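Note that this is a predicted model, so its numbers are computed, not measured. Every heavy atom of this structure was used, including side-chain atoms; hydrogens, water molecules and symmetry mates were not. The chains referred to below are lettered A, B, ... by the order of the sequence lines, with proteins before strands, and numbering in each begins at 1.
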Amino acid sequence: VTWNTAISSFSQSKQFGEALEFFKFLLYMGVDPDGVTIASVLPSCSHLELLNLGKEIHAYVLRNQDLSENSFVVSALVDMYCNCKQVREARQLFNDTRPRNVALWNTMLAGYTLNGCFDEALMLFIEMLENSGVCPNPTTIASVLPSCVHSQSFADREGIHSFIIKYGFGGNSYVQNALMDMYSRIGKIDISEGMFDTIGSKDIVSWNTMITSYVVCGRHSDALALLHEMHRLGQQND
RNA sequence: CGAACAUUG
């Protein structure tokens with residue numbers, strides 16, 4: 001338990017290397033890791049793209065009934081495979097896993113989006129809505145929105161917006177930012193502008209999204225004005 | 001008690 005808190009504090013402060021070092025040290029000491037340890041250390045493999053270590057951990061998980069049934073562990077494994085560009089492996093694991101909770105679906109959707117498999121992401125999203133019995137949450141929406149933007153075969157961009165409102169996710173800042181980004185990418189920057197003005201708590205991503213939207217459509221003076229306002233309000237950026 | 005997934009760059 002003490003070890004787990006050490007590992008999770010490492011990985012939550014983005015010190016992935018340290019988390020892994022500590023994990024290896026624990027194994028060396030003969031401690032056998034539980035589900036929390038595994039789920040805490042896997043994001044480190046994921047972000048550092050250490051596929052081989054991730055596979056070793058997967059092998060270890062397969063040898064242990066409790067670990068294989070831990071939903072946190074399975075999601076973390078799927079995420080690790082996606083971040084290492086092993087979408088096939090991730091999907092395999094996803095297919096073999098039951099029951100599938102929201103986070104597992106979210107992980108798979110985000111993985112498809114990350115790897116540019118936009119149509120697959122949308123297909124999976126539809127499958128989730130139709131026959132999974134699992135309800136989407138704001139994370140689901142924020143994972144799948146970029147795929148709506150980039151997929152050629154998805155035309156109904158406003159449809160997804162009303163869908164979001166219907167589910168009551170319109171107030172989530174991740175969703176708001178993703179929607180702003182979507183509208184500016186399809187050339188409806190006036191809608192992005194309107195959303196930006198009504199967002200109560202603008203974060204760095206909101207500002208960045210709006211500023212770069214102005215830049216890409218050639219409204220450089222608006223971009224600069226917004227940049228200055230951001231600095232005036234004391235936001236961070238780099 | 002503590003652990004996994006998301007939006008711009």
ask   = Base, sugar-phosphate, or nothing: which does A:Ala76 touch, judged by heavy atoms less than 4.0 Å apart?
value = sugar-phosphate

query = Quick one: A:Ile38 CD1 to B:A3 C1', roughly how many Å, whole number?
reply = 11 Å

key: Length of the NZ-P vector between A:Lys202 and B:G9, whole Å   = 20 Å

remark   = In whole angstroms, the gap separating C1' of B:U7 from NE2 of A:His161 amounts to 14 Å

inquiry  = I want to verify a distance call: between B:A6, B:C5, B:G2, whose nearest atom is closest to the A:Ala142 side chain?
reply    = B:A6

message = By the definition side chain to side chain contact (heavy atoms under 4.5 Å, CB included), identify the one residue from A:Gln86, A:Glu120, A:Lys85 that meets it with A:Asn115.
response = A:Lys85

query = Checking all strands, does A:Asn137 fall into the base, sugar-phosphate, or nothing category for heavy-atom contacts under 4.0 angstrom?
reply = nothing

query = What is the distance from CH2 of A:Trp105 to C1' of B:A4, rounded to the nearest Å?
reply = 17 Å

query = Which one, B:A3, B:U8, B:A6, comes nearest to the side chain of A:Asn172?
reply = B:A6

request  = For A:Asp34 and B:A4, give me the distance from atom CG to atom C1', rounded to whole Å.
outcome  = 14 Å

task = Classify the ring geometry between A:Tyr183 and A:His161 as parallel (under 30°), tilted (30 to 60°) or perpendicular (over 60°).
result = tilted

task = Find out whether A:Tyr60 and A:Asp32 are in side-chain contact, i.e. whether some heavy atom of one side chain is under 4.5 Å from a heavy atom of the other.
result = yes

task = Please determine if a side-chain N or O atom of A:Gln12 lies less than 4.0 Å away from the OP1 or OP2 oxygen of B:A4.
result = yes

request  = Examine the side chains of A:Ser147 and A:Thr113 and answer whether a donor and an acceptor come within less than 3.5 Å of each other.
outcome  = yes

query = A:His150 NE2 to B:U7 P: how many Å, rounded?
reply = 12 Å

key: Nucleotide nearest A:Ala178 (side chain, heavy atoms from C-beta), chosen from B:A3, B:U7, B:C5   = B:U7

query = So, is A:Arg185 near the phosphate of B:G9, with a side-chain N or O under 4.0 Å from OP1 or OP2?
reply = yes

request  = For the side chain of A:Ser8, starting at C-beta, report the closest nucleotide among B:U8, B:A3, B:C5.
outcome  = B:A3

request  = Starting at atom CD of A:Glu69, determine the distance to atom P of B:A4, rounded to an integer number of angstrom.
outcome  = 21 Å

request  = Name the nucleic acid region contacted by A:Asn101, choosing base, sugar-phosphate or nothing; use a 4.0 angstrom heavy-atom cut-off, strictly under.
outcome  = base

query = Out of B:A4, B:A6, B:U8, which nucleotide sits closest to the side chain of A:Thr139?
reply = B:A6

message = I want to check something: taking the side chain as every heavy atom from C-beta on, are A:Pro136 and A:Val102 in contact at a cut-off of under 4.5 Å?
response = no

query = Which nucleotide in the set B:G2, B:U8, B:C5 lies at the smallest distance from any side-chain heavy atom of A:Val205?
reply = B:U8

note = Between CG of A:Leu104 and C1' of B:A6 the distance, given in whole Å, is 14 Å

